[in-house]
2 protein chains.
Amino acid sequence: MTRPHPDRPATIYDVAVAAGVSHQTVSRVLRGVGSIRPETRERVQAELARLKYRPNVGARELARARQRRIGVVGYETFESSTSKVLRGVDEVAERAGYTLDIVNVDPTGDVAEISAALESLNGTDVAGVLATSPTRNVREALEHVEFRMPVFFDVAGDQVAAHDDEPARSIAAGLVMSHLADLGHERVAFIAGPEHWDSATNREAVYRERMLALGREPMVIGRGDWSAASGYRAAQAFDPAEGATALFVANDRMALGALRALAERGIRVPEDVSVAGVDDIPEAAYFSPPLTTVHIDFTEGGHIAARSLISLIETPDASLPEYPASVLIARDSTARLG
Amino acid sequence: MTRPHPDRPATIYDVAVAAGVSHQTVSRVLRGVGSIRPETRERVQAELARLKYRPNVGARELARARQRRIGVVGYETFESSTSKVLRGVDEVAERAGYTLDIVNVDPTGDVAEISAALESLNGTDVAGVLATSPTRNVREALEHVEFRMPVFFDVAGDQVAAHDDEPARSIAAGLVMSHLADLGHERVAFIAGPEHWDSATNREAVYRERMLALGREPMVIGRGDWSAASGYRAAQAFDPAEGATALFVANDRMALGALRALAERGIRVPEDVSVAGVDDIPEAAYFSPPLTTVHIDFTEGGHIAARSLISLIETPDASLPEYPASVLIARDSTARLG
DNA sequence: GCCCACGGCGTTACCGGTAACCCAGCGCGC
DNA sequence: GCGCGCTGGGTTACCGGTAACGCCGTGGGC
């Protein structure tokens with residue numbers, strides 16, 4: 001379905017001539033400032049509507065010397081959790097009058113390539129940049145590019161706790177490990193996320209730490225790329241003979257693949273092994289069996305990131321935001337040991 | 001991670017003064033037009049780099065009297081298939097020098113509300129509008145708003161065949177029904193998508209038609225909202241006593257919910273009933289059992305939609321695009337009858 | 001030796017807005 | 001009757017680019 005090409009839009013000058021006033025009066029009506037006789041105002045508004053006036057945002061930006069776009073460095077923006085972050089960013093940005101300029105990059109790709117993408121964003125004079133891909137490569141690329149505008153690096157909804165001299169750590173992974181420990185699981189195997197990702201390394205670090213705290217050797221049986229297919233492949237390495245009673249998978253989609261791999265090999269969940277993920281994607285409740293996971297509010301994470309960036313843009317005092325609390329969602333894929 | 005607020009950017013006038021030339025010479029170097037002495041060009045380029053010049057896109061748009069943004073009316077852009085469409089649109093648009101301005105609306109919401117969202121897009125002087133939400137409400141809202149620019153209404157990757165006096169029809173649904181018929185299934189139950197959606201009604205129409213062609217009464221047992229949860233609920237109404245040997249679900253996510261509901265009730269798939277979906281989301285291969293579905297290339301659909309819109313913008317001759325072929329992916333959830 | 005074309009720039013106008021400043025007329029106090 | 005401030009608006013400059021045009025010097029054709 002299409003519509004024909006229409007002719008050139010009316011400007012405030014056209015409207016001014018039609019209403020018999022100066023263009024400045026039209027501008028005043030548009031902005032609602034200054035004092036204007038009601039009669040004049042109505043005449044202008046009538047012409048505005050009749051001529052179907054639409055403001056030229058470029059001209060407005062130019063005259064106001066103020067940008068209204070935020071560059072977003074996204075990645076696989078079609079993936080559920082990350083695009084929920086984007087949605088949250090969009091909601092806040094729109095309310096604040098900003099428009100998003102989304103650049104898709106492969107966050108695990110070549111640093112030079114990411115830098116080029118960032119540079120192109122930089123060359124397009126946006127008001128600020130929001131990076132939603134917490135990978136090492138993106139962080140490095142950000143170091144390379146000299147931005148003239150504020151940059152905010154989001155943690156992509158994955159809540160982390162960072163104390164003064166401790167590194168950032170995944171709360172979600174801690175919740176999963178505590179849940180498993182509560183159920184009596186101490187021999188927990190782990191399928192990690194892609195190594196360039198901050199959230200993957202954060203979760204893995206917490207897993208290892210908790211295992212050591214239990215006096216157990218960490219059992220990282222594989223590493224995926226967040227996809228169900230990679231979880232399926234990684235779970236092939238799960239060997240019941242090694243004694244693990246639970247399997248912690250770094251995200252829900254990989255957990256789906258892992259569940260499938262275990263089912264094919266006749267390993268029952270949760271009777272033979274408990275399985276838990278992270279993210280709480282909407283589908284997780286309908287896996288077979290329904291997956292125990294940690295709910296992360298990605299949209300709210302996006303809100304927070306956007307608010308932080310906008311406050312950086314408008315008032316250059318940076319205060320680090322508080323992320324919402326993640327909560328563990330226990331479902332049938334985990335059960336008490338024994 | 002953040003960076004401080006930097007000072008105001010350099011303009012071509014700053015660069016011109018620094019290089020000892022006129023601003024027009026700088027503009028020429030920037031655009032690569034006109035004849036310039038290599039020595040002068042180098043001097044300008046050096047200053048460009050030294051002052052970290054970034055073009056002001058607003059000013060450029062203004063001077064060129066040409067818009068560079070495309071408004072996209074999206075919906076649940078965080079959902080897998082739809083955001084793949086967006087990604088495809090983005091890829092093409094970026095290559096053509098356009099930037100996306102994405103507006104999220106609830107495509108099943110109030111027509112007035114959608115109209116308002118469209119109007120705000122319209123008021124922002126974009127080069128064209130691409131609607132990626134094929135719902136009746138969005139179509140109605142598009143009728144209300146008088147656009148000054150080309151509008152393209154995408155079919156969101158779902159391929160349809162439209163003959164002259166026939167309505168558009170879902171090819172994907174036809175593929176599923178043929179596959180089931182090949183396996184001997186004639187008594188096929190159906191879980192439909194939300195009624196406002198074109199793709200839902202297209203798929204349902206094809207389902208009904210095929211059933212009647214087989215001399216069977218259509219068995220629409222429920223209607224969902226595309227989510228796994230709604231598929232789970234709808235599948236509660238599946239009664240094996242009614243004789244259906246297969247269940248066709250209008251998309252994969254609802255099919256996941258349906259699989260779960262069937263499993264909970266002890267109905268085996270595919271032994272007791274075959275199940276098929278549409279979309280081929282990446283997770284479908286890891287459902288229990290892996291889901292027979294129809295692969296739709298959403299990203300390519302986005303490419304095509306964007307190309308169509310851009311050609312409408314640049315040369316107002318509208319030619320309807322060819323969508324890529326969908327293909328059936330047979331997996332374990334469907335089996336020969338008997 | 002003259003004219004003209006062309007390379008290599010500079011000048012100026014303009015895109016569509018906003019903002020600072022200016023100005024006429026009126027009502028008012030004194 | 002005069003100065004004052006306020007209302008209601010017009011004039012003009014400017015934002016940072018692009019485009020049309022003009023100008024100067026040089027070199028080649030005749």
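For the numbers below, each heavy atom of this structure counts, side chains included, while hydrogens, waters and symmetry mates do not. Protein chains get the first letters and strands the later ones, always in sequence-line order, with residue 1 at the start of each.
Looking at the side chain of A:R31, the nearest of the listed nucleotides C:dT18, C:dT11, C:dC15 is C:dT18. Taking every side-chain heavy atom of B:S27 into account, D:dT18 is the closest of C:dG16, D:dG8, D:dT18. For B:Q24, taking side-chain heavy atoms from C-beta onward, the closest of the listed nucleotides D:dG17, C:dT11, C:dA19 is C:dT11. Each of D:dG10, D:dT18, C:dT18 was ranked by its minimum atom distance to the side chain of A:V21; first place goes to D:dG10. Residue A:T11 has its side chain nearest to C:dG17 when only D:dC15, C:dG17, C:dG8 are considered.
Looking at residues 12-19 of chain B, you'll see that no heavy atom sits under 4.0 Å from any atom of DNA chain C.
Note that the two end axes of the helix from C:dG1-D:dC30 to C:dC30-D:dG1 enclose an angle of 60°, each drawn from 5 base pairs, rounded to 10 degrees.
Contact of A:H23 with D:dT11 (side chain to base): no donor-acceptor pair of N or O atoms is detected under 3.5 Å.
The main-chain N or O of B:R69 is never found under 3.5 Å from a side-chain atom of B:D101 such that the two would form a donor-acceptor pair. In this structure a side-chain-to-backbone donor-acceptor pair under 3.5 Å is present from B:T132 to B:V73. Between the side chain of A:D90 and the backbone N or O of A:L86, no donor-acceptor pair lies under 3.5 Å.
Neither side chain, B:R139 nor B:T135, offers a donor N or O lying under 3.5 Å from an acceptor on the other.
Distances shorter than 4.0 Å separate some side-chain N or O of A:R37 from OP1 or OP2 on D:dG9. Distances shorter than 4.0 Å separate some side-chain N or O of B:T25 from OP1 or OP2 on C:dG10.
Counting any heavy atom pair closer than 4.0 Å across all strands shown, A:R28 reaches a base atom.
Here the P atom of nucleotide C:dG10 and the CD1 atom of B:I36 are 9 Å apart, to the nearest Å.
Note: B:T99 OG1 to B:I70 CD1 = 9.0 Å, rounded to the nearest 0.5 Å.
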